[in-house]
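Inspection log for the structure reproduced underneath, given as structure tokens.
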There are 2 protein chains.
Amino acid sequence: MSRGLNREVSMLSQVASSELHAHFRPHQFLAREDEKPVAIFRIDEGWACRYRLLPDGRRQITALYLPGDYCDPHWALGGKPSQPIVALTNVRATRLPCVPPSATSGEGQQAFWRSLSDMIERQTNWLVTLGRKTALEKVAHLLLELFERLRMSGLTYGQQCAMPLTQMEIADLTGLTPVHVNRTLQVMRTRGLVELQAKWLRIPDLRALRQAAALRTQGMAA
Amino acid sequence: MSRGLNREVSMLSQVASSELHAHFRPHQFLAREDEKPVAIFRIDEGWACRYRLLPDGRRQITALYLPGDYCDPHWALGGKPSQPIVALTNVRATRLPCVPPSATSGEGQQAFWRSLSDMIERQTNWLVTLGRKTALEKVAHLLLELFERLRMSGLTYGQQCAMPLTQMEIADLTGLTPVHVNRTLQVMRTRGLVELQAKWLRIPDLRALRQAAALRTQGMAA
DNA sequence: CGACTTATTGAACTAATTCAACGGCAGTGG
DNA sequence: CCACTGCCGTTGAATTAGTTCAATAAGTCG
């Protein structure tokens, strides 16, 4: 999924609306801002993100969608997409009906609510990180979250996982500049916190990285 | 960043569980971290907030609850409070049963879902602000959001509304230091963006403040 | 008043940004 | 094949937005 530049003949971004499956190439939109309530996608393969662009070009990515994620779950609450969603890699996704919350029940919906709940929780954690943490803590948080989310989906291999993000994308996720992301990653590498090369991430010491991310409670000098 | 100085009082924070109404004084908890799923409160009067504290004392406030808000709506999705909620002023609140999403319908629930949806939307906006905006934009965003939320509840008086937050609380909301909040407010005052004194906020030019906040360019056409 | 919290100001400092340049690598096109 | 182009990662130097430390004023409340 990382670099498989699959040259597709069709420039159509979506298959016919009656179809369940869709796929997208990097930079293609899964949803546009203020668009009509389209379907909700479940990502089957690849990465996507939601973001907002400020008038002067500053960009902040506000959610990352990995395989298994719904995209975007909170539309089911009645909102319209207020931010575009774009593919970061090649993406395979499944189109799901956009159900109102009161009309839902059953097993699949249970998973869906949990997914929404998780997204809110992650989002809240990022408020703390963006508001109060240092560059290194921010990047550590991101890489750790990626690894752990992928691990939950069985997409890690020992201490490793795919990491297709460019440093500029990492910057837009962490609220830093690409240059500073670069320098921060170098520090993390020399400290042995991460190994990151050729779009693969290896985390030698998960505990140390958690410590560096200052995520939840941890013992520190009193 | 705000130093430790965590002086949350640990008095009894709730009235008897059979009662519908509860009230809290500043620094009292409406909910504690990782507590059992208690009731959901609807704030009837006063302000409260949800926050996270880092081991070294840095604090980030992750949600602000104003009159009319549910506290916290996303618990209905099955999560437990992962962050404490504390009263910022005197608070009157109504205790509501914690309903599972699948068992809900009707008029009141409609409002509840919209409330959750709004909270997610606001939270997403804050990701952008904390990640990518300048100090002045951050503070402008906060004051603007406060004013517009209070206006929706009929709690504004012309161009004015209550603003009980201390500069330190503003700092913990915007991810700045209290000192820098002070200086930023002074700049905003001299630019005529806000008048702020004696816990009252006046916004002479709403449009100018919106501009300064670099929010989405759209008047919220009441 | 006295104790405390909050607001304000100055000066030194630093984490992160900005600007600019260079090298590698992949895709493109002759 | 090679040159060309664009993107991405890397590095250096100068700058700046925001922090930190410290001290003083101003409000609040018993």
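Lettering of chains follows the sequences in order, A, B, ..., and the numbering in each one begins at 1. Computed over heavy atoms, backbone and side chain alike; hydrogens, waters and symmetry mates excluded.
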- Message: Could you tell me how far apart Lys133(A) (NZ) and dT19(D) (C1') are, to the nearest whole angstrom?
- Response: 19 Å
- Query: Tell me: NE2 of His27(B) to P of dT5(C), nearest whole Å?
  - Reply: 9 Å
- Task: Nearest whole angstrom, please: distance from the P of dA16(C) to the CG of Leu136(A).
- Result: 9 Å
- Message: dT10(D), OP1 or OP2 - any side-chain N/O from Asn182(A) closer than 4.0 Å?
- Response: yes
- Item | Side chain of Val179(A) (C-beta onward), nearest among dA16(C), dG18(D), dT18(C) | dT18(C)
- Is a side-chain donor or acceptor of Glu169(A) paired with a backbone partner of Thr166(A) at a separation under 3.5 angstrom? yes
- Item | From Leu136(A), Ile170(A), Val179(A), Thr134(A), residue fulfilling side-chain contact (heavy atoms from CB on, under 4.5 Å) relative to Thr184(A) | Leu136(A)
- Task: Look at the side-chain N and O atoms of Arg189(A) and state whether any lies under 4.0 Å from the OP1 or OP2 oxygen of dT10(D).
- Result: yes
- Message: Ile43(A) and side-chain contact (heavy atoms from CB on, under 4.5 Å): which single residue from Leu30(A), Thr94(A), Leu66(A) fits?
- Response: Leu30(A)
- Message: Tell me the interatomic distance from Leu165(B), atom CG, to dA7(C), atom C1', rounded to whole angstroms.
- Response: 15 Å
- Query: What's the CD-P distance between Gln197(A) and dG9(D), to the nearest Å?
  - Reply: 13 Å
- Atom CG of Asp172(B) and atom P of dT19(D): how far apart are they, to the nearest Å? 11 Å
- Query: In whole angstrom, what separates His180(B)'s NE2 from dA15(C)'s P?
  - Reply: 16 Å
- Message: What I want to find out is whether Arg210(A) reaches Glu148(A) closely enough, with some N-O distance under 4.0 Å, to be called a salt bridge.
- Response: yes
- Message: Can you tell me if Gln167(B) touches the phosphate of dT8(C), counting only side-chain N or O atoms and a distance under 4.0 Å to OP1 or OP2?
- Response: yes
- Message: Distance criterion of 3.5 Å, no angle test: do you see the side chain of Arg183(A) paired donor-to-acceptor with the base of dT18(C)?
- Response: yes
- Task: Would you please confirm or rule out a distance under 4.0 Å between OP1 or OP2 of dT11(D) and any side-chain N or O of Gln186(A)?
- Result: yes
- Note on the structure: When rounded to whole Å, the CZ to C1' distance for the pair Arg132(B) and dT17(C) reads 11 Å
- Message: Please confirm whether the shortest side-chain N or O distance from Lys199(A) to OP1 or OP2 of dG9(D) is below 4.0 Å.
- Response: yes
- Test Glu137(B) against Thr129(B) for side-chain hydrogen bond (donor to acceptor under 3.5 Å, both in side chains), laying out the working first. CA-CA 8 Å; Glu137(B) 290 168 331; Thr129(B) 292; over 6 Å; no
